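Just so you know, these numbers come straight off a predicted model, no measurement behind them.
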2 protein chains.
Amino acid sequence: MVNIIRVFHSYSGENCKLKKKDLKELINSQMSSFVKQVQDTHTLDVIFSDLDANYDREIDFSEFAALVAMVTSACHVSFHEMQ
Amino acid sequence: MVNIIRVFHSYSGENCKLKKKDLKELINSQMSSFVKQVQDTHTLDVIFSDLDANYDREIDFSEFAALVAMVTSACHVSFHEMQ
């Protein structure tokens, strides 16, 4: 859990939130073994708007934690599919 | 993320779900640096029913991932309060 906070802080700005470019960098560098690289703007826009629950055009930590929960759950499903 | 799956699997039964006693053991041994020990039955019942989104009286991985997201978010808040 501490690692999740640490990773978030290494990409979030002064106000402890992720802008779109921060989210893209974080996903592509920290989550690449779990999710495909985010290349095109449309994919990023969809992910971003899905996560931005309060519509403030930034991703705060609890919104990011929801992404981690979703990706981890997806990993868990594929873990069992591989068995 | 892989650690979260690994921890879950070390407490979940054959059907890959946590019973109430499994959840208590997991929280008390794996999350003790983040949350208070769960001692009394009432507290455990409240946590369990909060997590058991599909009311099947067991905690599956996505329900557990929601707990991890909540606890991590709470840690993030207290991280900033300490600064």
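Nearest heavy-atom pair, A:S73 versus B:A65, reported as atom, atom and distance to 0.1 Å: OG-CB, 3.6 Å.
With a 4.5 Å cut-off on non-hydrogen atoms, A:F79 touches chain B through its side chain but not through its backbone. Of the atoms belonging to A:M70, not a single heavy atom falls under 4.5 Å from chain B.
For the atom pair NE2 of A:H76 and CD1 of B:I5, the computed distance is 6.5 Å after rounding to the nearest 0.5 Å.
Below 30°, between 30° and 60°, or above 60°: for B:H9 and A:H80 the angle between ring planes is above 60°, a perpendicular geometry.
Side-chain contact between A:T72 and B:F61 is present, with heavy atoms from C-beta onward closer than 4.5 Å.
In this structure, B:V7 is not a member of the same hydrophobic cluster as A:V77, with clusters built from ILVMFWY side-chain heavy atoms closer than 4.5 Å. A:I59 and A:V46 fall into different hydrophobic clusters, where Ile, Leu, Val, Met, Phe, Trp and Tyr residues are linked whenever their side-chain heavy atoms come under 4.5 Å apart, directly or through other members.
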